[in-house]
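Working notes for the structure below.
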Amino acid sequence: MTKVSQVWLPILLICFATSANAQSFRVQCPTSTITHPSNLTNVNSEPTYTGPTIQAVNSKGFLAPTANVNGAIKCQQISGGDGYATMGDGTQTFMFSFGPLSGLADIAKGLPGTEFPNVFNTVYPGTLLPGDPDTTGAGFTYNGAVGLTPDLDAGGALTGHVDPRQIMDIGVMNGNIPAPLMAFDEDDEFFLTLTNVGMIMRPDLFEQHTVHFHGYPNASSFYDGVPDASVAINIGGSFTYYYLAPDAGTYFWHCHITPPEHLQMGMVGQLYVRPRQNRVPVGNSLYVGLQQQQTDLRTACNPAVDILCSTNLPADSGILPGQTSATLAAAGIKYAYNDGDGSTAYNVEYPLQIHGFDPNFHFVGMTFNPEGFVDMKDKYFLLNGRSYPDTVMPGPQEALSSDGKKHFSQPLPSIINIPVGGKALLRIADLAVTEYATLASLGIRMHVIGYNAKLLRDQAGNNTDYYTNSITLGGGESLDVILDATNTTLYPSGSVFYLYTPNLDHLSNDAENFGGLMTEVHIN
């Protein structure tokens with residue numbers, strides 16, 4: 001054996017052994033943590049907010065909860081791979097994309113795939129089929145982690161061990177646009193598992209993937225998804241990200257591997273964080289609830305020393321209508337932010353992800369040709385992955401993929417239904433790569449209450465919200481907008497309005513008639 005072989009052969013063997021051991025599919029969803037110990041709280045439900053979590057220094061020298069634990073544990077599993085989406089003119093467009101590997105039934109209903117541990121940690125009673133839940137149909141109700149199976153080496157316990165066949169059956173060609181929706185509450189701990197199933201249409205690509213939560217304040221670099229300072233997940237591997245929910249608001253997430261390419265190809269999604277104010281007990285003052293939050297170490301706000309405070313106290317409006325009767329609370333009165341004055345109240349909410357596709361870029365990405373980044377120009381303009389008239393189609397939209405199965409590639413509808421006399425919160429985020437996007441509302445003014453996950457309020461506690469007929473966003477921005485239909489004379493039952501872009505070249509499907517950024521608002 002040569003000296004060179006004697007040096008390199010052991011190194012290669014170690015690398016192969018390390019790779020073989022490290023690359024495996026796993027999921028993680030604990031049922032008790034230091035922050036949410038199961039002996040002090042029910043981690044499978046959101047407790048009412050009556051004051052900050054009580055903490056004390058434990059035997060190891062750090063603060064740990066002792067009573068009144070707020071928040072819960074939430075979990076989700078996603079795949080990184082590829083798939084197809086159907087454009088408004090019927091064109092099948094190839095994508096690099098994320099797909100759901102948990103909460104399948106909820107995502108098919110247009111809901112977040114984020115689940116409590118007692119839902120996530122359940123084993124499917126049967127065999128999942130490629131294309132599920134589209135394959136099985138209306139009887140599909142499973143929201144647990146795909147592939148989760150008893151670990152025989154641990155006596156049959158659920159340890160995060162998964163069946164890779166089930167992961168591949170569901171994860172392959174199962175890409176969504178937008179990526180699976182995520183939502184959780186302030187004070188929650190969130191465990192997100194990304195499993196890289198590979199690019200089936202491009203087997204020559206050994207693409208890594210990551211998850212980057214765009215706009216997250218004080219994000220841990222290790223879990224931030226930027227590969228320079230974080231980790232990247234190889235094909236055949238899984239990684240669980242950990243987040244402690246930040247301030248309430250509308251955020252979004254994407255892959256941070258070659259972002260111009262992966263964002264253009266479809267690896268973008270939305271997430272939002274619900275405020276503690278939703279959990280203030282019925283009959284309690286919202287103002288007092290916000291005062292209580294000022295004593296919480298995580299969100300304490302002193303405008304005299306912190307110019308970035310986002311929870312400044314407004315004028316005291318007393319106990320508000322949405323909090324004084326169980327009937328109104330049961331009607332679904334919720335809040336976008338911890339406002340303390342009820343100014344962000346709404347009845348229904350709709351996430352709207354703005355995105356754009358350049359069909360030429362996607363075509364060469366599928367056919368082993370060099371991608372012309374400089375020449376990228378979007379021709380399909382999408383709301384939740386759909387162009388008009390597909391935006392008003394109820395329920396999930398299918399795409400026939402190269403595996404011969406139909407998949408719910410575009411699960412989020414964009415049609416907006418406001419109850420008579422109610423308000424709708426639109427969580428609008430833009431992650432288009434090549435164009436700015438404008439949305440206009442005909443008939444119902446837009447009430448803009450938040451920008452980039454921050455309540456529009458100054459340091460003196462004055463609301464700086466505003467009304468407008470149109471909003472414009474660039475890639476990487478989000479807005480929270482309320483459509484107020486409480487005046488039943490102006491907005492009677494059966495009324496139909498339009499939310500659309502006044503940029504006429506964005507109202508088309510690849511230069512053809514119809515399509516683009518337009519949807520309908522129904523009062524019903």
(message) Considering only residues two or more places apart or on different chains, which pairs with a residue in residues 409-465 satisfy ring pair (Phe, Tyr, Trp, His ring centres under 6.0 Å)?
(response) H447-Y467

(message) Strictly by ring pair (Phe, Tyr, Trp, His ring centres under 6.0 Å), give each pair with a member in residues 99-121 just once, sequence neighbours left out.
(response) none

(request) Describe, in one word, how the ring planes of W253 and F98 are oriented to each other, choosing from parallel (under 30°), tilted (30 to 60°) and perpendicular (over 60°). (result) tilted

(request) Could you tell me the separation between the CG atom of N347 and the CG atom of N417, rounded to the nearest 0.5 Å? (result) 13.0 Å

(request) May I ask you to check whether F191 and Y242 place their ring centers less than 6.0 Å from one another? (result) yes

(request) Would you check if there is a donor-acceptor pair between the side chains of Q28 and T193 at a distance under 3.5 Å? (result) no

(message) I need the L383 CG to M518 CE distance, nearest 0.5 Å.
(response) 10.0 Å

(request) Among residues two or more places apart or on two chains, list those pairs meeting salt bridge (Lys or Arg N to Asp or Glu O under 4.0 Å) that have a residue in residues 57-76. (result) E46-K74, K74-D185, K74-D188

(message) Within the structure provided, determine whether I177 and Q353 are in side-chain contact (heavy-atom separation under 4.5 Å).
(response) no

(request) Could you check L286, L456, N463, I449 and say which one makes a side chain to side chain contact (heavy atoms under 4.5 Å, CB included) with S343? (result) N463

(request) State, to 0.1 Å, how close P180 and I107 come at their nearest heavy-atom pair, and which atoms those are. (result) CB-CD1, 3.9 Å

(message) When you compare the side chains of T438 and T472, does any donor N or O come within less than 3.5 Å of an acceptor on the partner?
(response) yes

Side-chain atoms of residues 489-496: list all donor-acceptor pairs with protein atoms under 3.5 Å, sequence neighbours left out, distances to 0.1 Å.
{"unit_1": "Y491", "atom_1": "OH", "unit_2": "G443", "atom_2": "O", "d": "3.1"}
{"unit_1": "S495", "atom_1": "OG", "unit_2": "P492", "atom_2": "O", "d": "2.7"}

(request) Have a look at F213 and tell me which of Y223, Y243, Y241, Y251 forms a ring-ring contact (aromatic ring centres under 6.0 Å, His included) with it. (result) Y243

(request) For R279 and E186, indicate whether the former's side chain and the latter's backbone hold a donor-acceptor pair under 3.5 Å. (result) yes

(message) Are more than 12 heavy atoms, taken from residues, nucleotides or ligands other than L244, located less than 6.0 Å from that residue's CG atom?
(response) yes

(request) Please report the closest heavy-atom contact between G421 and T486, naming both atoms and the distance. (result) O-CG2, 3.4 Å

(request) Measure across N384 and L412 and return the closest heavy-atom pair with its distance rounded to 0.1 Å. (result) CB-O, 3.4 Å

(request) With sequence neighbours left out, write down each residue that passes ring-ring contact (aromatic ring centres under 6.0 Å, His included) with F381, or none if nothing qualifies. (result) H506

(request) State the NZ-CD distance between K423 and E349, to the nearest 0.5 angstrom. (result) 15.0 Å

(message) Measuring only between side-chain heavy atoms, which start at C-beta, is Q291 closer than 4.5 Å to D316?
(response) no

(message) Using side-chain heavy atoms (C-beta onward) and a distance below 4.5 Å, is P351 in contact with Q270?
(response) yes

(message) Tell me the closest heavy-atom pair linking V162 and F25, and the distance in Å.
(response) CG2-O, 3.2 Å

(request) For the residue pair D224 and S230, confirm or rule out a side-chain donor-acceptor distance under 3.5 Å. (result) no

(request) Determine which pairs satisfy ring pair (Phe, Tyr, Trp, His ring centres under 6.0 Å) with at least one residue from residues 33-77, sequence neighbours left out, and list them in order. (result) none

(request) Return yes if a side-chain donor-acceptor contact under 3.5 Å exists between D480 and Y337, otherwise no. (result) yes

(message) I'd like to know if the side chain of T114 and the backbone of A183 have a donor-acceptor N/O pair within less than 3.5 Å.
(response) yes

(message) Within this structure, what is the OG1-CG distance for the pair T48 and N278, rounded to the nearest 0.5 Å?
(response) 12.5 Å

(request) May I ask you to check whether R276 and Q293 show a side-chain donor-acceptor distance below 3.5 Å? (result) yes

(request) State, yes or no, whether a side-chain contact exists between P413 and P394 at a heavy-atom distance under 4.5 Å. (result) no

(message) Would the distance check show the side chain of H212 and the main-chain N or O of H254 forming a donor-acceptor pair, the cut-off being under 3.5 Å?
(response) no

(request) Rounded to the nearest 0.5 Å, what's the gap from OG1 on T66 to CG on L40? Could you check? (result) 7.5 Å

(request) State, to 0.1 Å, how close G175 and S97 come at their nearest heavy-atom pair, and which atoms those are. (result) CA-OG, 2.9 Å

(request) Please report the closest heavy-atom contact between G51 and N70, naming both atoms and the distance. (result) O-ND2, 2.9 Å

